[in-house]
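Residue numbering restarts at 1 for every chain, and letters A, B, ... go by the order of the sequence lines.
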Protein chains: 2
Amino acid sequence: MVAKPAGESIAHKVERQLRSDILSLALPPGARISEQEIGELYGSSRQPGREALISLAKSRLVEILPQRGAVIARISVSKLMQAAFVRETIEKAVAKAACNSFHFHARSRLDDCLVEQERAALAGDRTTFRRFDDLFHRLLAEGAGLPMAWTVVEDLKAHIDRACCLSLRNAEALQRLVAEHRAILAAIDARDVSAAEQALNLHLSDLLRDLPRLEAQHPDLFE
Amino acid sequence: MVAKPAGESIAHKVERQLRSDILSLALPPGARISEQEIGELYGSSRQPGREALISLAKSRLVEILPQRGAVIARISVSKLMQAAFVRETIEKAVAKAACNSFHFHARSRLDDCLVEQERAALAGDRTTFRRFDDLFHRLLAEGAGLPMAWTVVEDLKAHIDRACCLSLRNAEALQRLVAEHRAILAAIDARDVSAAEQALNLHLSDLLRDLPRLEAQHPDLFE
DNA sequence: CCTTCAATGATTGTATGGAAGTGTATGCCG
DNA sequence: CGGCATACACTTCCATACAATCATTGAAGG
């Protein structure tokens with residue numbers, strides 16, 4: 001049995017690829033993009049490209065101008081700050097629930113997750129790092145018995161991730177994030193709600209502190 | 001100039017209609033539905049029906065079984081409770097922000113909103129009532145300077161609204177909800193954070209209290 | 001020189017044909 | 001009568017054709 005006997009539809013593959021390219025800023029905000037060129041880029045027809053665009057428009061990563069075309073959305077500071085705020089309130093509530101009780105299985109996976117993430121940080125492998133960063137927050141929600149909280153946070157991250165990507169250009173920042181993850185987990189293990197909330201606040205406000213610099217440095221990426 | 005010279009794409013119209021029909025339980029959970037019959041139902045081809053299905057699948061209102069078809073999603077008690085919890089944490093944060101400062105324009109629109117909603121409640125017009133219920137929560141978020149909080153809550157409502165629809169079969173319940181809205185607004189006007197949070201908690205837990213009865217009464221609608 | 005208007009090109013929105021996949025029913029064989 | 005293979009019906013998924021809409025360009029007229 002092969003790993004992936006095809007499994008996924010072309011439209012989904014295109015969507016994932018395109019989302020990744022947008023989040024990594026490989027496709028610059030403000031650039032126009034048509035269904036046709038997405039199709040050509042992937043060796044398929046317009047249809048999968050169209051469906052990918054519709055999906056990404058729901059995440060606000062592209063903006064569809066009716067009857068005219070689509071553009072890669074610029075980073076909105078206002079939306080970013082709102083998304084960060086909402087995310088923080090959700091994750092604090094998750095942490096509070098986690099302090100109350102935590103599923104054993106998720107807890108053990110979190111240890112592995114942190115090890116892998118630290119390895120990626122040391123290797124400077126941002127792609128892998130980000131994958132385990134997501135996994136950390138997802139496992140936190142699952143362990144607290146609130147898996148849906150992660151799906152909400154995941155949507156919010158669309159507004160945050162590109163700025164995050166800009167901010168994490170130096171390797172020591174990656175290791176700091178891992179340390180913050182450990183602090184969050186330690187507070188939850190100790191069932192110390194206020195410590196957990198404080199650790200989360202620190203973790204999520206890293207980016208906001210860096211935001212003015214990013215905006216000054218890359219004015220064309222912001223709206 | 002006519003009011004709407006067409007304006008919206010067929011796909012969007014189909015999506016809205018289908019979403020409405022699912023939320024109102026006109027289309028029963030568990031029923032299968034194909035692109036073709038959606039198209040026929042609306043006098044269009046399969047394409048708009050397909051796009052509507054994809055959109056609704058993102059809201060988890062339908063479940064797409066790859067290469068096989070789509071079914072109207074059943075109401076998940078687990079998802080409902082998680083969504084209600086996350087929603088409550090978000091709206092409490094919104095209320096807290098609202099106590100701090102509130103945009104004048106949104107505040108004045110809220111008064112109108114409540115009047116209209118009460119009128120709908122007295123007339124027993126559930127459709128209009130629901131529209132102004134949404135508007136109330138949206139204006140709350142906008143007034144607090146967090147319009148994005150509403151978009152998140154709106155997504156969460158997909159998991160909640162059908163049960164809510166079942167619960168509100170008697171007219172006095174509608175008027176109670178309006179009174180709860182007034183209580184929330186009064187607490188915000190008084191800048192009393194804990195009163196606002198308490199009023200919101202009461203408002204949103206109405207449904208949860210009723211949930212066991214609904215599940216017993218309509219077992220086929222739940223998963 | 002500026003405004004107006006028609007032609008052109010590009011892009012989306014819609015319809016439809018065809019390929020591939022899945023579950024079911026049917027008929028055959030033991 | 002039960003188990004198995006094959007054929008069939010149904011659906012999604014992808015490709016492509018067509019129509020409608022919008023921006024741009026360029027020319028004509030004031």
Side-chain angles (χ1 to χ4, degrees), chain A residues 1-19 21-22 27-74 223, chain B residues 1-19 21-22 27-74 223:
Chain A
M1 187 195 297
V2 193
K4 281 189 179 179
E8 203 180 16
S9 76
I10 295 180
H12 278 80
K13 283 187 209 162
V14 172
E15 181 195 337
R16 264 212 331 243
Q17 181 68 39
L18 201 55
R19 166 172 266 122
D21 287 346
I22 293 174
L27 293 173
R32 295 198 51 182
I33 188 164
S34 73
E35 298 172 357
Q36 181 134 27
E37 63 187 298
I38 296 173
E40 286 170 5
L41 201 72
Y42 203 81
S44 66
S45 73
R46 273 178 52 202
Q47 180 72 9
R50 173 177 176 81
E51 292 181 6
L53 274 184
I54 292 175
S55 290
L56 294 175
K58 281 199 194 304
S59 306
R60 310 273 186 181
L61 287 175
V62 307
E63 186 177 0
I64 292 180
L65 312 165
Q67 307 281 9
R68 290 197 278 139
V71 300
I72 313 290
R74 294 181 194 275
E223 76 178 6
Chain B
M1 187 194 297
V2 193
K4 281 190 178 180
E8 204 180 17
S9 75
I10 295 179
H12 278 79
K13 284 186 209 163
V14 172
E15 181 195 337
R16 264 211 332 240
Q17 181 68 40
L18 200 55
R19 164 172 269 122
D21 287 345
I22 293 175
L27 294 173
R32 296 198 53 183
I33 188 163
S34 73
E35 298 173 357
Q36 181 134 23
E37 62 186 300
I38 296 172
E40 287 170 4
L41 201 71
Y42 203 80
S44 68
S45 72
R46 284 152 29 208
Q47 178 73 8
R50 172 176 176 80
E51 292 182 6
L53 275 183
I54 292 175
S55 290
L56 294 175
K58 280 201 192 307
S59 306
R60 310 273 186 181
L61 287 175
V62 306
E63 185 177 359
I64 292 180
L65 312 165
Q67 308 284 5
R68 289 200 281 140
V71 300
I72 314 291
R74 294 180 194 276
E223 75 178 8

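Checked against dA15(C), dT11(D), dC14(D), the side chain of A11(A) finds its nearest nucleotide in dC14(D).
The two residues G49(B) and I38(B) come nearest to each other via the heavy atoms CA-CG2, 3.7 Å. Looking at every heavy atom in both residues, I10(A) comes nearest to S44(A) through CG2-CB, 4.2 Å. When all heavy atoms of A52(A) and A11(A) are compared, the pair lying nearest together is CB-O, 4.5 Å.
Remark: E37(A) CD is packed, more than 12 non-hydrogen atoms of other residues, nucleotides or ligands lying under 6.0 Å away.
For the pair E35(B) CD and dG17(C) C1', the computed distance is 14 Å after rounding to whole Å. Atom CD in Q36(B) sits about 15 Å away from atom C1' in dT14(C), given to the nearest Å. If you measure from atom CD1 of I38(A) to atom P of dT11(C), you get 12 Å, rounded to the nearest angstrom. Atom-to-atom, CD1 of I33(B) to P of dC10(D) comes out at 17 Å; the value is rounded to the nearest Å. In this structure, R32(B) places its CZ atom 17 Å from P of dA9(D), rounding to the nearest Å. Put simply, NE2 on H12(A) is 14 Å from P on dT12(D), counting in whole angstrom units.
Looking at residues 64-74 of chain A, you'll see Q67(A), R68(A) sit with a heavy atom under 4.0 Å from some atom of DNA chain D. Of all the residues in residues 45-63 of chain B, R46(B), R50(B) reach under 4.0 Å from DNA chain D with at least one non-hydrogen atom.
Distance check, rounded to the nearest 0.5 Å: CD1 of I22(A) to CD of Q17(A) gives 10.5 Å. Rounding to the nearest 0.5 Å places CD of E40(B) at 10.5 Å from CZ of R46(B).
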Start with the C-alpha distance between E35(A) and R50(A), add both sets of side-chain angles, then the distance that settles salt bridge (charged side-chain N to carboxylate O under 4.0 Å, His left out), and finish with yes or no. CA-CA 5 Å; E35(A) 298 172 357; R50(A) 173 177 176 81; 2.8 Å; yes
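By the side-chain contact (heavy atoms from CB on, under 4.5 Å) test, L41(A) pairs with no residue at all, sequence neighbours left out.
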